[in-house]
Amino acid sequence: MRSRKTLGIVLVLLVALCVLAFVAVKDGGSKSEPKATGEKAPSGLTAIYHQKLSWTDCGASRCTWVKVPIDYERPAGPTLRLKVKLRPADGGKPRGVLFINPGGPGGSGVEFLGSFAGSASRGLRESYDIVGFDPRGVGASTPLKCLNDKQLDVFANSDPDPDNTAEIAEFRRATVDLGDACQANSGELAAHVSTVEAAKDMDVMRALLGQKKFDFYGASYGTQLGATYATLFPKKVGRMVLDGAVDSSLSDEQQGIGQAEGFQRALSAYIADCIKSPTCPLGTDPVAAESKLSDFLQKLDQDPMKAANGRLLTEGGAFYGIAITLYDRSYWSLLTKELTAAFKGDPGFMLTLFDAYFERNEDGSYKSNSGQVIYAVRCLDSTDPSSLEEVEKSIPQFEKISPAFGRSMGWGALGCTDWPIKSANKQIPISAKGAAPIVVVGTTRDPATPYEWAQALAKQLESGVLLTREGDGHTGFHVGNECIDGIVDTYFVKGTVPKAGTECKPS
């Protein structure tokens with residue numbers, strides 16, 4: 001649920017939550033560097049697959065840069081750099097390299113590495129050199145540049161729920177302006193940050209880090225990235241876990257409907273829990289609670305609330321400040337805190353959570369470009385953007401699904417309709433025919449990537465194996481479920497594939 005369009009719900013919230021709940025762990029042991037496989041490269045890519053990497057210390061980890069073509073159709077053309085960070089395994093000789101991606105599009109694997117390793121079991125840390133990388137256009141890799149900080153502030157705070165013809169036109173114009181800015185400030189790169197191209201980059205990294213097989217953990221959008229890799233390079237798939245699955249076969253509107261249902265389930269679960277307390281800011285009646293929240297958002301649309309420092313809380317700001325707390329049950333207390341304050345006229349804490357969602361610093365700068373990368377990637381991938389007429393027709397259905405979030409999510413389906421940059425690398429159908437078993441983890445009340453998407457992805461993958469976590473929150477691994485953690489660890493460390501349909505109850 002990034003920015004004004006629902007595109008970003010699949011996004012990097014996992015990263016934001018990891019920052020809030022970071023668990024420190026020492027870096028690994030040996031600083032030996034992987035040796036390239038030296039395998040025969042795909043046509044035209046010999047120089048790319050056989051490049052020599054230069055490793056440097058970055059803390060107790062090791063870092064390097066990988067060069068890849070901006071456009072794989074022109075392998076001898078301009079290149080970009082990918083930032084790669086390797087945390088050596090703890091003692092002994094690791095079985096290989098585990099690549100990780102936190103989601104997005106726009107999530108930094110380099111930043112994710114510390115929190116992932118901090119949550120990993122001893123067995124996993126001893127078995128693998130763990131590698132985080134920033135995909136093309138993201139973070140420390142050659143970045144996609146679009147809006148400046150002030151322009152992004154305006155974009156992020158704009159109305160997610162246009163009410164009339166003029167507001168709809170403004171809504172659509174904002175997307176065009178963002179795309180035009182990406183084109184103007186990033187040139188050729190703006191048309192080449194698709195998922196297919198990022199997956200091809202991962203195969204380059206696999207070979208350069210000496211891995212005949214690609215072992216991978218991907219969360220949220222990382223599941224789309226992993227599934228795309230597996231479809232392009234099925235024989236190269238090693239042990240792969242796709243957690244919090246994205247169903248890339250759905251249209252933008254269908255994804256929006258799924259996420260509206262998912263976030264409504266999460267909101268309803270929060271309300272049912274909150275109203276048990278006499279201090280719940282939404283009262284004690286579930287129907288009245290939902291109405292109170294909807295009315296609050298609607299009022300902000302007309303009359304933004306001013307914080308003590310002069311910042312305004314808009315409907316869009318509140319929308320994301322609330323959404324971030326629904327990604328994990330442990331953050332429900334933050335939602336109670338922000339609603340209690342906001343209903344008393346103090347929007348400060350809600351703005352803080354809005355900032356966490358967008359990785360915005362106190363001084364108004366942004367820690368990353370994730371809030372903009374998501375548009376470029378999703379729109380370059382999009383194979384079926386919705387028309388204005390289709391979106392307008394769907395709004396009543398969205399409202400019925402979610403009184404509080406429905407309209408905003410419904411309008412989100414318009415996110416790629418007017419994207420001005422065209423791509424020759426649309427999302428491909430997922431199959432991974434001939435790949436080794438791929439474990440797909442789905443959580444029954446996941447708000448951002450609904451459980452039904454995990455079921456669908458497991459079926460689309462020829463070798464997909466569905467593993468279910470019954471519970472709340474986004475993704476299933478490293479969120480406190482001992483059953484899921486044990487099964488995934490055993491799969492990565494020993495190669496034991498779980499039985500399809502295995503279900504894990506709350507710990």
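- Side-chain atoms of Y327 and T475 include no donor-acceptor pair closer than 3.5 Å.
- In this structure, the ring of Y229 has its center no less than 6.0 angstrom from the ring center of F216.
- Taking 4.5 Å as the limit, every side-chain heavy atom of H474 sits out of range of all side-chain heavy atoms of D328.
- For the pair N481 and S507, the tightest heavy-atom approach, listed with the atom from each and the gap, is CA-OG, 3.2 Å.
- Nearest heavy atom pair, residue R87 against residue A117, reads CD-CB, 3.6 Å.
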- salt bridge (charged side-chain N to carboxylate O under 4.0 Å, His left out) between R378 and D252: does it pass, once the steps are laid out? CA-CA 10 Å; R378 300 292 289 176; D252 293 348; 5.8 Å; no
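- Side-chain atoms of D446 and Y451, non-hydrogen and from C-beta on, never get closer than 4.5 Å to each other.
- Residues L242 and I438 have side chains in contact (heavy-atom distance under 4.5 Å, counting atoms from C-beta outward).
- The main-chain N or O of M240 is found under 3.5 Å from a side-chain atom of Y491 such that the two form a donor-acceptor pair.
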- Task: For side-chain contact (heavy atoms from CB on, under 4.5 Å), just list the numbers for F349 and L353, CA-CA rounded to whole Å, side-chain angles, deciding distance to a tenth of an Å, and then say yes or no.
- Result: CA-CA 6 Å; F349 190 55; L353 292 172; 3.8 Å; yes
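- To the nearest 0.5 Å, the span separating CZ on F112 from CG on D134 amounts to 12.5 Å.
- Checked by atom type and distance alone, the side chain of S370 never pairs as donor or acceptor with a backbone atom of G107 at under 3.5 Å.
- Side-chain atoms of P304 and L313, non-hydrogen and from C-beta on, never get closer than 4.5 Å to each other.
- Within the model, atoms CG of D381 and OG of S248 stand 8.5 Å from one another, a figure rounded to the nearest 0.5 Å.
- Nearest heavy-atom pair across A454 and G442 is CB-CA, 3.5 Å.
- Ion pair R360/D153 flagged as a salt bridge, since at least one NZ, NE, NH1 or NH2 atom sits closer than 4.0 Å to an Asp/Glu carboxylate oxygen.
- The closest side-chain heavy-atom distance from N157 to F354 is below 4.5 Å.
- Tested against F405 for a side-chain contact (heavy atoms from CB on, under 4.5 Å), the candidates P403, S408, S402 yield a single pass: S402.
- To the nearest 0.5 Å, atom CG of residue L335 and atom CZ of residue R329 are 12.5 Å apart.
- With rounding to the nearest 0.5 angstrom, the CZ atom of R125 is 13.0 Å from the CG atom of L98.
- Side-chain atoms of S119 never come within 3.5 Å of backbone atoms of F116 as a donor-acceptor pair (strictly under, hydrogens ignored).
- Across L178 and C146, no two heavy atoms sit closer than the pair CD1-CB, 3.8 Å.
- Between the side chains of T228 and Q224, not a single donor N or O lies within less than 3.5 Å of an accepting N or O.
- For N101 and Y221, the side-chain atoms include no donor-acceptor pair closer than 3.5 Å.
- Here T443 contributes atom OG1 and D243 contributes atom CG; the two are 6.5 Å apart, rounded to the nearest 0.5 Å.
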- Query: How far apart are the C-alpha atoms of V391 and I395, what are their side-chain angles, what is the distance that settles it, and do they pass the side-chain contact (heavy atoms from CB on, under 4.5 Å) test?
  - Reply: CA-CA 6 Å; V391 171; I395 295 300; 4.3 Å; yes
- Test side-chain contact (heavy atoms from CB on, under 4.5 Å) applied to T314 and D159, step by step: CA-CA 8 Å; T314 64; D159 187 359; over 6 Å; no
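- For residues 276-288, every residue pair satisfying the side chain to side chain donor-acceptor pair (under 3.5 Å) rule, not counting sequence neighbours, is listed here: S277-T279.
- Looking at heavy atoms from C-beta onward, K83 lies in side-chain contact with C63 at the 4.5 angstrom threshold.
- Between the E315 side chain and the Q302 main chain, no donor and acceptor come within less than 3.5 Å of each other.
- Heavy atoms of other residues, nucleotides or ligands lying less than 6.0 angstrom from NZ of K337 number 12 at most.
- The residues D303 and K306 are annotated as not salt-bridged, no charged nitrogen and carboxylate oxygen being separated by less than 4.0 angstrom.
- One finds a salt bridge joining D472 and R445 here, because a Lys/Arg side-chain nitrogen approaches an Asp/Glu carboxylate oxygen to under 4.0 Å.
- In this structure F296 satisfies the ring pair (Phe, Tyr, Trp, His ring centres under 6.0 Å) test together with F343, sequence neighbours excluded.
- Taking all atoms of both residues into account, the shortest heavy-atom contact from P162 to F171 is CD-CD1, 3.9 Å.
- At distances below 3.5 Å, at least one donor-acceptor pair connects side-chain atoms of E167 with backbone N or O atoms of D163.
- With hydrogens and angles disregarded, no donor-acceptor distance shorter than 3.5 Å links the side chain of T195 to the backbone of L225.
- Checking Q372 against Q151 by side-chain atom types alone, no donor-acceptor pair falls below 3.5 Å.
- Ring pair F492/F477 is tilted by interplanar angle, where 30° to 60° counts as tilted.
- Checked by atom type and distance alone, the side chain of D384 never pairs as donor or acceptor with a backbone atom of S251 at under 3.5 Å.
- Among all heavy-atom pairs drawn from A227 and L457, the shortest one is CB-CD1, 4.0 Å.
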- After noting the C-alpha distance and the side-chain angles of L282 and Y270, does the key distance pass the side-chain contact (heavy atoms from CB on, under 4.5 Å) rule? CA-CA 11 Å; L282 294 172; Y270 163 74; 3.9 Å; yes
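- For the side-chain contact (heavy atoms from CB on, under 4.5 Å) with C504, the qualifying choice from T468, I487, V441 is I487, the only one to do so.
- For S127 (side chain) and L124 (main-chain N/O), no donor-acceptor pair under 3.5 Å exists by modelled atom type.
- With hydrogens and angles ignored, the 3.5 Å screen pairs no side-chain donor or acceptor of N361 with any backbone N or O of D363.
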- Item | Worked verdict on Y128 versus F99 for ring-ring contact (aromatic ring centres under 6.0 Å, His included) | CA-CA 9 Å; Y128 287 95; F99 295 85; 10.0 Å; no
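- Using a 4.5 Å cut-off on side-chain heavy atoms (C-beta onward), V193 and V373 make no contact.
- The backbone N or O of G137 sits nowhere less than 3.5 Å from a side-chain atom of S141 that would complete a donor-acceptor pair.
- Neither side chain, Q298 nor R407, offers a donor N or O lying under 3.5 Å from an acceptor on the other.
- Rounded to the nearest 0.5 angstrom, L334 CG and M350 CE are separated by 11.5 Å.
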